[in-house]
Amino acid sequence: ALNQNLASLQGKINVSFEFFPPKTEEMTNTLWQSIERLSTLKPKFVSVTYGANSGERDRTHSIIKEIKNKTGLIAAPHLTCIDASKEELIQIAKDYFDNGIRHIVALRGDLPPNSGKPDMYAADLVTLLKSVADFDISVAAYPEVHPEAKNAKSDLINLKAKLDAGANRAITQFFFDIESYLRFRDRCVAIGIDADIIPGILPVSNFNQLQKFATMTNVKVPDWLKNMFIGLDNDPETRKMVGASVAMEMVKILSREGVKDFHFYTLNRAELSYAICHTLGVRPDLQATSK
Ligand code: FAD
């Protein structure tokens, strides 16, 4: 029955993949190999993150244009407003538009330590982008609540404000507690959000790194997950398989709960995301590739 369920999903699931700007030549090669492999799955879009230092920002712009030109995929740059002026942001948006980029992931960005109240939040960035052009905009959502939020309710109201300002969909922070995603989705519907709340899936291959990141971002690491990785500190191969299997189980449950769109935090590697997509019925067009 399970296989039947998955077979019936074939062709109905949309995926998107997130990458980050590589720092070395070796990482650049890995990125392009990953993009090439994952592009065969015809993602709805791919996105590239935007870092805090200006070098990385320029790299985001150039990689996005390169992905668009080389692969024809819809390439969505992430854009943060935390330490840019309105004029700079308008300029960046215009430049993207002139280069045929119509999709943007609009974020506030993390506050530098000891900073005061920011001038702009992500909702303001959405408004600014919409004033430049009719971009297709994705924003961030936090099933387990953003660490700075006053409370869950105000965080949810903020998400609604971002969508009301013109964003088309939300992509969630990664999570492992499926219940918290499902409850969050229900709460979104209850306050009148009708946009998709796309789960952000992080295939885990480095558990120790994950734990640090999860603490910073307020994401629960359940005991069952911790347990899965015990004893594997020096065994990256097994960690990878366990990580893939955990994510496969998650997407299986989510798809049974009606989720049709998935966003993958690929960490610039194709292997796990590709395998997870395969189990969801997201596969290359075999006829096209065998010709
Ligand atoms: P906002 O929606 O502005 O919310 C930030 C916080 O402020 C929340 O706690 C919210 O409740 C609160 N808030 C909102 N409006 C107000 C207000 N008017 N008054 C008081 N409080 C308010 N970071 C990067 O630097 N680069 C990236 O490429 C990047 N990509 C990401 C992709 C995804 C899918 C996700 C989920 C996160 C990403 N981040 C990225 C991290 C993100 O920048 C941080 O989580 C950041 O701290 C919040 O960004 P936001 O867009 O959610 O902000």
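Just so you know, ligand 1 is whichever comes first in the structure, and atom 1 is the first atom listed for that ligand. Only this structure's heavy atoms are used, side chains among them; waters, hydrogens and symmetry mates stay out.
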For ligand 1, which atoms sit closer than 4.0 Å to a heavy atom of [X]?
| X | answer |
| --- | --- |
| Gln173 | 36 (C) |
| Asp155 | 8 (C), 9 (O), 10 (C), 11 (O) |
| Thr49 | 28 (O) |
| Ile171 | 34 (C) |
| Ala140 | 35 (C), 36 (C), 52 (O) |
| Glu148 | 9 (O) |

Which one holds for [X] and ligand 1: side chain close, backbone close, both close, or neither close, with close meaning a heavy atom under 4.0 Å?
| X | result |
| --- | --- |
| His78 | side chain |
| Leu107 | both |
| Lys162 | side chain |
| Phe20 | neither |

Short N/O distance, under 3.5 Å, between [X] and ligand 1?
| X | answer |
| --- | --- |
| Ala141 | no |
| Thr172 | no |
| Val105 | no |
| Thr80 | no |
| Asp110 | yes |

Give a yes or no answer on whether the side chain of [X] reaches the backbone of [Y] with a donor-acceptor pair at less than 3.5 Å.
| X | Y | result |
| --- | --- | --- |
| Thr172 | Gly200 | yes |
| Asp98 | Asp95 | no |
| Arg59 | Pro22 | yes |

Contact between Tyr142 and ligand 1, counting heavy atoms under 4.0 Å?
->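 For ligand 1, residue contact (heavy atoms, under 4.0 Å) with Tyr142 is present.
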Strictly under 4.0 Å, does any heavy atom of Gly109 approach an atom of ligand 1?
->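 It does, in that a heavy atom of Gly109 comes within the 4.0 Å cut-off of ligand 1.
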Ile276 side chain reached by Phe264 side chain, heavy atoms, under 4.5 Å |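 Answer yes - side chains close enough.
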Mind checking what makes side-chain contact (heavy atoms from CB on, under 4.5 Å) contact with Lys70, not counting sequence neighbours?
->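 Checked Lys70 against side-chain contact (heavy atoms from CB on, under 4.5 Å); matches are Trp32, Glu66.
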Residues in side-chain contact (heavy atoms from CB on, under 4.5 Å) contact with Met241, at least two apart in sequence or another chain |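 By the side-chain contact (heavy atoms from CB on, under 4.5 Å) rule, Met241 matches no residue at all.
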Is it true that Lys44 and Asp136 make a salt bridge, defined as a side-chain N closer than 4.0 Å to a carboxylate O?
->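 Looking at Asp136 together with Lys44, the answer is no, because their closest N to O distance does not fall below 4.0 Å.
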Compute the ring centroids of Tyr96 and Phe135, then answer whether they are less than 6.0 Å apart.
->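 Centroid distance Tyr96-Phe135: not below 6.0 Å, so no.
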Aromatic plane relationship, Phe207 with Phe229 - under 30° parallel, 30 to 60° tilted, over 60° perpendicular =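 Ring orientation, 0 to 90° scale: parallel.
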For the pair Phe19 and Phe17, name the ring-plane relationship: parallel under 30°, tilted 30 to 60°, perpendicular over 60°.
->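 Rings of Phe19 and Phe17: tilted, as their planes differ by 30° to 60°.
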Have a look at Asn158, Val126, Ile82 and point out the one with the heavy atom closest to atom 14 (C) of ligand 1.
->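 Closest candidate by heavy-atom distance is Asn158.
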Does a side chain donor of either His78 or Thr49 reach within less than 3.5 Å of an acceptor in the other side chain?
->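 Checked: His78/Thr49 side chains show no N/O donor-acceptor pair below 3.5 Å.
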